[in-house]
Amino acid sequence: MSPFWSYKKIPEIAALPKSEQLKTWKAILKDLNKHPNVKVAQIAYFIIVSLAVTIATQLPYTFQIQNKVLIATIGGALGGYIGSTIYVSSIRKHMQPYIDQHFETHPSA
């Protein structure tokens with residue numbers, strides 16, 4: 001799955017009129033923050049970042065500080081990517097009812 005850098009780039013939301021995109025996105029996020037996949041994404045992010053920071057802090061003192069910071073940064077980036085990929089794939093699977101609801105209430109859109 002390719003990452004989306006903005007909610008406007010998600011195909012299901014991009015098809016909506018500009019005035020409805022943000023409103024639909026906020027409604028989806030509000031409802032899906034209770035979904036179990038969101039918790040999985042948060043846990044995956046936390047575990048990966050914690051592991052990277054733990055590895056960086058356990059390196060011997062002979063390692064330069066830049067290397068430790070680099071390891072922690074890579075862990076943060078990797079954790080963020082994996083967590084956001086899980087999060088966005090969860091959102092895309094469950095956003096169709098909101099899109100359908102929009103077109104029922106706005107048939108000309």
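Note: hydrogens, waters and symmetry copies are ignored here, and every other heavy atom, side chains too, is used.
Residues satisfying the side chain to side chain contact (heavy atoms under 4.5 Å, CB included) criterion with Leu51, sequence neighbours excluded, are Ile55. Residues that satisfy the side chain to side chain contact (heavy atoms under 4.5 Å, CB included) test with Ile47, not counting sequence neighbours, are Ile43. Take Ala52 and apply the side chain to side chain contact (heavy atoms under 4.5 Å, CB included) test, not counting sequence neighbours, and it matches no residue.
Of all heavy-atom pairs spanning Gly83 and Ala41, the tightest one is O-CB, 3.3 Å.
Linking Ile, Leu, Val, Met, Phe, Trp and Tyr residues whenever their side-chain heavy atoms come within less than 4.5 Å leaves Val53 and Leu78 in two separate clusters.
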Would Gln66 and Leu70 count as a side-chain contact (heavy atoms from CB on, under 4.5 Å) if you check the C-alpha gap in whole Å, the side-chain angles of each, and the deciding distance to 0.1 Å? CA-CA 6 Å; Gln66 294 90 349; Leu70 181 64; over 6 Å; no

